[in-house]
2 protein chains.
Amino acid sequence: MNAHPLVLIVEDEPDIADLLEAYLRRDGFRTERASDGSSAVSLHRVARPDLVLLDVNIPDFDGFEVLQKIRASAQTPVIMVTAMAEDLDKLLGLKLGADDYVVKPFSPLEVVARVKAVLRRVGMQAAAQPLRFADLELDPLAVRVRVGNTRVDTTLTEYRILEHLLRHPNRTFTRGELLDVALPESDALERVIDTHLGNLRKKLEQAGMPDIIETVRGMGFRLCLE
Amino acid sequence: MNAHPLVLIVEDEPDIADLLEAYLRRDGFRTERASDGSSAVSLHRVARPDLVLLDVNIPDFDGFEVLQKIRASAQTPVIMVTAMAEDLDKLLGLKLGADDYVVKPFSPLEVVARVKAVLRRVGMQAAAQPLRFADLELDPLAVRVRVGNTRVDTTLTEYRILEHLLRHPNRTFTRGELLDVALPESDALERVIDTHLGNLRKKLEQAGMPDIIETVRGMGFRLCLE
DNA sequence: CAGAATCTTGAATATTTCTTGACCAAGCCT
DNA sequence: AGGCTTGGTCAAGAAATATTCAAGATTCTG
C-alpha cells in the first residue's frame, strides 16, 4: 500500500469534485474521479482505491446501488455524500454499511478531516505532501525542514512561521499575523517575531539558503520565490 | 459599500434580535430583521445586506437552508449563530459555508467584533487582485511592484502613493490628499510628496516605465492611463 | 527535580526611510 | 524678456524601524 492513499471521488458536479480534489491533494492524497454510477464501479474495480467518497445523486444508477456493488466485492471504506437530510434517514435505515456520512453543503476541510478519520480507523495514515521550493523542503508530517541533503534543525515556532510563509509565497504578513499562526495562545509582544525570524534566517543561511525571507519595512515579512 | 454597512439579523427570539440591533447600531451599522427562513431569503434578495447574522434554529426552514439559498445567488458574508456546540461541526471549515460562527450564549460585543472582522476580511479580498496598467503590476497582498519581469523596490510610502494613483486613474490629487493616503499620521510638510514622488518616478523610469505620473501645475499629480 | 531547550524581553546597534531646506529649473504672467 | 510662482533635485540630519545579542522566564524532558 502506497504512502499516499488513493481516494475515489464519485461526484457529478465538476465544481464540487474539483474542490474536493484540490483539498485532498493538498493533504497528500491521490485522487481518481468518476461522475456516474457505472464508471464508479468499474473504476473501483480497476484502481482499487483506499477510500471512496460517494455522492448519492449521480446519473446512471445512484449511490446506494454503487455502494452495494462495491461491497459485494470489497470492504473498501466508503463515505456517502448527500444533498438532503432526508437521504440521510434513508441511508441510515438501509444499514448498508457506509463508514461515514457528509451532508451538503459541506466544508471541504471537514470532508478531508473525515477521510482521515476513517482511514485512521481502518489503520492507514494520511501522508502529508512535503512543501518544496528549490532546495528547501518542508515535511508537515515530520515537522522537519531540509535544504538539499542537510537537515535544518528548527524549533516548532520557526517551523510554523516558515510553513505559513511557504504556503503563501510572496505575500507580506504582519508580525501580528505571524504571531497568530506560530504562537496562537501567546500574548507576547509582536517583536518576538523578529527574534524567531532572525534565528530562522541564520539557520537557513547556514544550510545554504540565504535571503529567502525579505523584510518589508513598515509592514512585515514575506517569503520571496523567484 | 456604504459607510454604514447593512446587517441582516435573522433571529426568531425578539429579545436577542433587539440586543444585537442595539449594539450594531451603536457602532454605526444599519440593520434589518427577519424572524424566519423564508422572510430571511426574500429580505436578503430585496435589501442586499453587506452581511447576514444567521441563527441556525429558526422557523420555516433552518439556517443551513437559508445559507444555501443565499449562496445560490450571492456571496454575501454570513455569520452563523448556533445554540449548540454540536452544530459547530457542520459549520467548521468556513470555506464552503459560513464566514464565521458564534455560539450562544454570546456577548453582543463579541458579535460586533466578529462582524467587523469579517467585513474587514471581505473588504481586503476585494483589494486582493493585482492592479495592472500595461506592464506595471501592483500586488496588494505581496505589497510589491513590478514592471514586466523586473521588480521595482519601493518603500512603503512610495507603494501607497502608487497604489492610490492606480486605483483612481486620471484623477488629480493634491499633495494633501496623497499625504493623507501615504502617511496618515505624519505632520510633515506637503512638499515631502514631491520628494517621494521624485524617488518613485526615478525608480519607475529605471524599470522602463517613465512619465506615467504627470504633474498638474498648481494642483497636484495624477497617473495618466490612456 | 534538574537540566535542556525554547521563548520572551529589553537594550544596544545597525539600517532604512522620511523630512527638511537650499538651490536650480521650468512654467506663467504682465 | 524679466520677475514671480511652482515644481524638481539633492544631500544631510532626524526619525522610525529592524536586527542582534544576551540574560531571564518558561516549558519540556528525562
Side-chain angles (χ1 to χ4, degrees), chain A residues 142-145 151-165 172-206 209-224, chain B residues 142-145 151-165 172-206 209-224:
Chain A
V143 188
R144 187 192 289 170
V145 182
R151 43 183 293 191
V152 183
D153 227 17
T154 65
T155 72
L156 189 55
T157 0
E158 287 156 15
Y159 174 87
R160 288 203 186 116
I161 293 175
L162 187 56
E163 172 171 343
H164 192 66
L165 292 175
T172 297
F173 293 95
T174 64
R175 281 168 242 268
E177 291 172 305
L178 293 176
L179 194 57
D180 267 1
V181 169
L183 298 151
E185 302 300 307
S186 160
D187 51 356
L189 306 177
E190 289 194 344
R191 285 278 153 195
V192 276
I193 293 297
D194 293 32
T195 303
H196 290 302
L197 230 78
N199 296 336
L200 185 54
R201 276 170 165 162
K202 200 185 302 167
K203 289 175 185 179
L204 286 174
E205 178 168 7
Q206 271 170 5
M209 193 120 235
D211 310 327
I212 354 178
I213 299 171
E214 300 182 339
T215 116
V216 181
R217 188 163 252 258
M219 262 266 118
F221 303 88
R222 82 182 141 216
L223 186 104
C224 170
Chain B
V143 189
R144 195 166 51 174
V145 182
R151 357 183 339 179
V152 183
D153 235 15
T154 63
T155 72
L156 192 56
T157 18
E158 286 157 15
Y159 173 88
R160 289 202 182 117
I161 292 175
L162 187 56
E163 173 170 346
H164 191 68
L165 292 175
T172 299
F173 293 95
T174 65
R175 282 169 242 268
E177 290 172 308
L178 293 177
L179 195 56
D180 265 1
V181 169
L183 298 150
E185 305 296 307
S186 161
D187 51 356
L189 307 177
E190 290 196 343
R191 291 296 304 272
V192 275
I193 292 297
D194 291 32
T195 303
H196 289 303
L197 262 167
N199 296 336
L200 185 53
R201 277 169 164 164
K202 199 187 303 169
K203 289 175 185 179
L204 286 175
E205 177 169 7
Q206 270 171 5
M209 194 118 236
D211 310 326
I212 351 179
I213 299 171
E214 299 182 340
T215 115
V216 181
R217 184 161 251 262
M219 259 273 116
F221 303 87
R222 87 182 138 210
L223 186 100
C224 169

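The model shown is predicted, which means the values in this text are computed figures rather than measured ones. Values below: all heavy atoms of this structure, side chains included; hydrogens, waters and symmetry mates excluded.
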Whichever of A/K202 and B/M219 has its nearest DNA chain D nucleotide further upstream toward 5': B/M219
Rounded distance (nearest 0.5 Å) linking atom [atom1] of [X] with atom [atom2] of [Y]:
X      : Y      : atom1 : atom2 : result
B/T154 : B/L204 : OG1   : CG    : 8.5 Å
A/I193 : A/L183 : CD1   : CG    : 6.0 Å
A/D153 : A/Q206 : CG    : CD    : 11.0 Å
B/R144 : A/E214 : CZ    : CD    : 6.5 Å
B/L197 : B/I213 : CG    : CD1   : 5.0 Å

Near-strand residues of residues 186-198 of chain A, defined as heavy-atom separation under 4.0 angstrom from DNA chain C: A/S186, A/A188, A/L189, A/V192, A/T195, A/H196
If you take any heavy atom closer than 4.0 Å to DNA chain C, which residues from residues 172-182 of chain B end up in contact? none
Taking only residues two or more places apart in sequence, or in another chain, which ones meet A/R175 in a salt bridge (Lys or Arg N to Asp or Glu O under 4.0 Å)? A/D194
Heavy-atom closest pair, residues A/R222 and B/A142: NH1-O, 2.6 Å
B/F173 versus B/L165, closest heavy-atom pair with distance: CD1-CD2, 3.6 Å
Using the heavy-atom set of chain A and a strict 4.0 Å cut-off, write down the first and last nucleotide of DNA chain D that makes it in, 5' to 3'. D/dA16 to D/dC21
Any donor-acceptor pair under 3.5 Å joining the side chain of A/R217 to the base of C/dT16? yes
Output all residues satisfying side-chain contact (heavy atoms from CB on, under 4.5 Å) with B/R160, sequence neighbours left out; order by chain, then residue number. B/L156, B/A182
Applied to residues 179-189 of chain B, the side-chain hydrogen bond (donor to acceptor under 3.5 Å, both in side chains) test, sequence neighbours excluded, yields none
Between P of C/dC7 and CG of A/N199, the distance in whole Å: 9 Å
